[in-house]
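In what follows, a structure is listed as structure tokens, so that the remarks can point back to it.
We count residues from 1, following the sequence as given. No hydrogens, no waters, no symmetry mates; every other heavy atom, side chains included, goes into these values.
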Amino acid sequence: MKVYIQSANQISAQKPLSDEWFDNPVYCGGRRAQTVDPVFAGHFSPLAARRMCTLLKRAVMMSRLTLRDASTEMPDAIISGTGLGCIENTEKFLHAIMENDETCLQPTFFMQSTHNVLSSSIAIDLKCHGYNNTFVHRGVSFENAVLDAFMQFERHRVRTALVGGYDELTDDYYRFFDRIGIWDFVPGATPGERCFAGEAAVSMLLGVDRTERTICEINGVELMYRPTPGQLGETLDGMLARAGCGLSGVDAVLTGLNTHALNDAVYRDATARFFGNRPVMRYKHLFGESFSSSALGAYVAVTCLRRGRIPSFLLDAGGGAPSSGIDGIDGVRRILVYNHYRNRSHSLILLSSCLN
């Protein structure tokens, strides 16, 4: 069974709901970047907007626009991936417990603090009564959501699935992650060479029917837990064989390089072992690091396939930073997305263009 991506949208540190970053990327010079939100007014009533946190507004608004872009009224399934969920609401509820001595608590913060509120809020907004699920697996939550969609397609339970990856970063969690060294990125000579802490919101519509709006095909999804080099290589070879291509048929490998020593060492080792001389891409210097950054990585690959080109600022020079001295790659037909979370959970997503 073939699975296609019909439409995709993002809200991040780049211009939201737009591919303008592809031609005019915005670079962050600090250790943390604020998400550039669209104007929510006009999409929600004042009462609804007042009861929704920012992350829910992003998820609901993007879901509407993603369906509109694909000319689809209602998805058969809604599946989300998130590492922290609506952590801002969780913190507000816990702070209210302490400040009010466990009295006069507002239920809204509690109801919207659970992780599955993302998928359920989208379903309530769309009035969708189909399959609904949320995956919370830290840095591979989005990949689990995509894999679940594949399983639903293979069992002929659904024909379309709205799949997303959403995460926000509060001040408290930023400081906590900073203390344990999550944001220990190597400073770059220019802002574009350094990764940063960020947020992510990505929405994609997947389906089994190819239409005139179809962007690309997902040839395969693989997840592994603590794989040995041999197991990773076997999984990669099996995926490429099922897709009917070899490594030479892959135009580039998109990785989660972010200049953190422990994180990048895994990607460097895999590149040397399995990817040969395939061009290596990076994206976190534009979109930042978060639990759902892999969703932005998939979005970047989808955009490159839609445009048929990989710009030079996405290509890795081999030293941990993009280089303007590398020419871009035209005529891109297939991209392999490789992600790992703390060298425990690894994922592979193979995407190919549907453009003639």
Side-chain angles (χ1 to χ4, degrees), residues 3-12 16-18 35 37-82 85-86 88-89 108 111-136 141-142 144-153 155-168 199-209 211-215 218 292 295-296 298-299 302:
V3 177
Y4 302 98
I5 296 179
Q6 313 290 7
S7 59
N9 281 297
Q10 61 81 24
I11 295 177
S12 65
L17 308 174
S18 169
T35 295
D37 280 310
V39 178
F40 294 118
H43 292 272
F44 303 100
S45 67
L47 178 61
R50 193 161 51 245
R51 294 176 61 87
M52 296 172 68
C53 66
T54 302
L55 189 64
L56 282 181
K57 292 178 186 177
R58 295 170 186 168
V60 171
M61 180 178 178
M62 277 202 308
S63 298
R64 296 178 184 175
L65 297 178
T66 299
L67 291 174
R68 184 200 65 184
D69 293 345
S71 296
T72 301
E73 293 184 2
M74 188 71 64
D76 297 327
I78 298 173
I79 310 172
S80 301
T82 180
C86 297
E88 182 180 359
N89 279 347
T108 302
M111 292 187 296
Q112 294 187 356
S113 65
T114 57
H115 292 73
N116 64 335
V117 72
L118 288 163
S119 291
S120 58
S121 294
I122 296 171
I124 292 172
D125 178 74
L126 298 176
K127 296 179 175 58
C128 176
H129 301 281
Y131 181 81
N132 193 284
N133 206 356
T134 300
F135 287 87
V136 188
S141 299
F142 174 75
N144 276 274
V146 175
L147 182 61
D148 186 23
F150 257 70
M151 295 170 65
Q152 301 305 316
F153 290 140
R155 287 163 174 75
H156 304 285
R157 295 177 177 174
V158 301
R159 299 194 66 83
T160 59
L162 193 63
V163 179
Y166 311 99
D167 263 301
E168 61 185 349
E199 299 175 316
V202 174
S203 177
M204 297 182 180
L205 182 67
L206 278 55
V208 296
D209 298 314
T211 70
E212 61 181 11
R213 295 175 180 267
T214 297
I215 303 173
I218 304 179
S292 292
L296 286 166
Y299 163 79
V302 169

Just by distance, no angles: are the side chains of Tyr299 and Asn9 close enough, under 3.5 Å, to form a donor-acceptor pair?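 Their side chains do not contain a donor-acceptor pair, so the 3.5 Å distance test is not met.
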Taking atom types as modelled, find out whether Ser80 and Thr134 have a side-chain donor-acceptor pair closer than 3.5 angstrom.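 No pair is found: no donor N or O on one side chain lies under 3.5 Å from an acceptor on the other.
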List the atom of [X], the atom of [Y], and the distance in Å for their closest heavy-atom pair.
X      : Y      : result
Ala70  : Leu205 : CB-CD2, 3.4 Å
Ser292 : Gly81  : OG-O, 3.8 Å
Gly85  : Leu118 : CA-CD1, 4.5 Å
Pro75  : Cys128 : O-SG, 3.4 Å
Val117 : Leu56  : O-CD2, 3.9 Å
Ile215 : Ser7   : CD1-CA, 3.7 Å

Rounded to the nearest 0.5 Å, how far does [atom2] of [Y] lie from [atom1] of [X]?
X      : Y      : atom1 : atom2 : result
Asn116 : Asn133 : CG    : CG    : 9.0 Å
Ser12  : Asp37  : OG    : CG    : 10.0 Å
Met62  : Met204 : CE    : CE    : 10.0 Å
Met61  : Thr66  : CE    : OG1   : 10.5 Å
Thr82  : Asn144 : OG1   : CG    : 12.5 Å
Asp148 : Phe135 : CG    : CZ    : 3.5 Å

Do the side chain of [X] and the main chain of [Y] share a donor and acceptor less than 3.5 angstrom apart?
X      : Y      : answer
Glu88  : Glu168 : no
Gln10  : Ser18  : yes
Thr214 : Thr211 : yes

Go through the steps for Met151 and Phe153 under the test side-chain contact (heavy atoms from CB on, under 4.5 Å), then give the verdict. CA-CA 5 Å; Met151 295 170 65; Phe153 290 140; over 6 Å; no
Could you tabulate the donor-acceptor pairs under 3.5 Å formed by side-chain atoms of residues 46-55, not counting sequence neighbours?
none

Is the shortest distance from a Lys or Arg side-chain nitrogen in Arg213 or Asp69 to a carboxylate oxygen in the other one below 4.0 Å?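 Asp69 and Arg213: not salt-bridged.
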Decide, yes or no, whether a salt bridge links Glu199 with Arg58 under the criterion of side-chain N to carboxylate O below 4.0 Å.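 Yes.
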Is there a side-chain contact between Thr160 and Leu206, using heavy atoms and a 4.5 Å cut-off?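 The answer is no; the side chains never approach within 4.5 Å.
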Begin from the C-alpha positions of Ser203 and Tyr166 and carry the test side-chain contact (heavy atoms from CB on, under 4.5 Å) through to its verdict. CA-CA 9 Å; Ser203 177; Tyr166 311 99; 3.9 Å; yes
Is Arg64 positioned over the aromatic face of Phe44, cation under 6.0 angstrom from the ring centre and no more than 45 degrees off axis?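 So Arg64 does make the cation-pi contact.
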Report the C-alpha separation of Leu126 and Met74 in whole Å, then their side-chain angles, then the decisive distance to 0.1 Å, and conclude whether the side-chain contact (heavy atoms from CB on, under 4.5 Å) test is met. CA-CA 7 Å; Leu126 298 176; Met74 188 71 64; 4.1 Å; yes
Hey, which of Ile78, Ile79, Asp76 is the one that makes side-chain contact (heavy atoms from CB on, under 4.5 Å) with Tyr131?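 Result: among Ile78, Ile79, Asp76, Ile79 is the only option passing the side-chain contact (heavy atoms from CB on, under 4.5 Å) with Tyr131.
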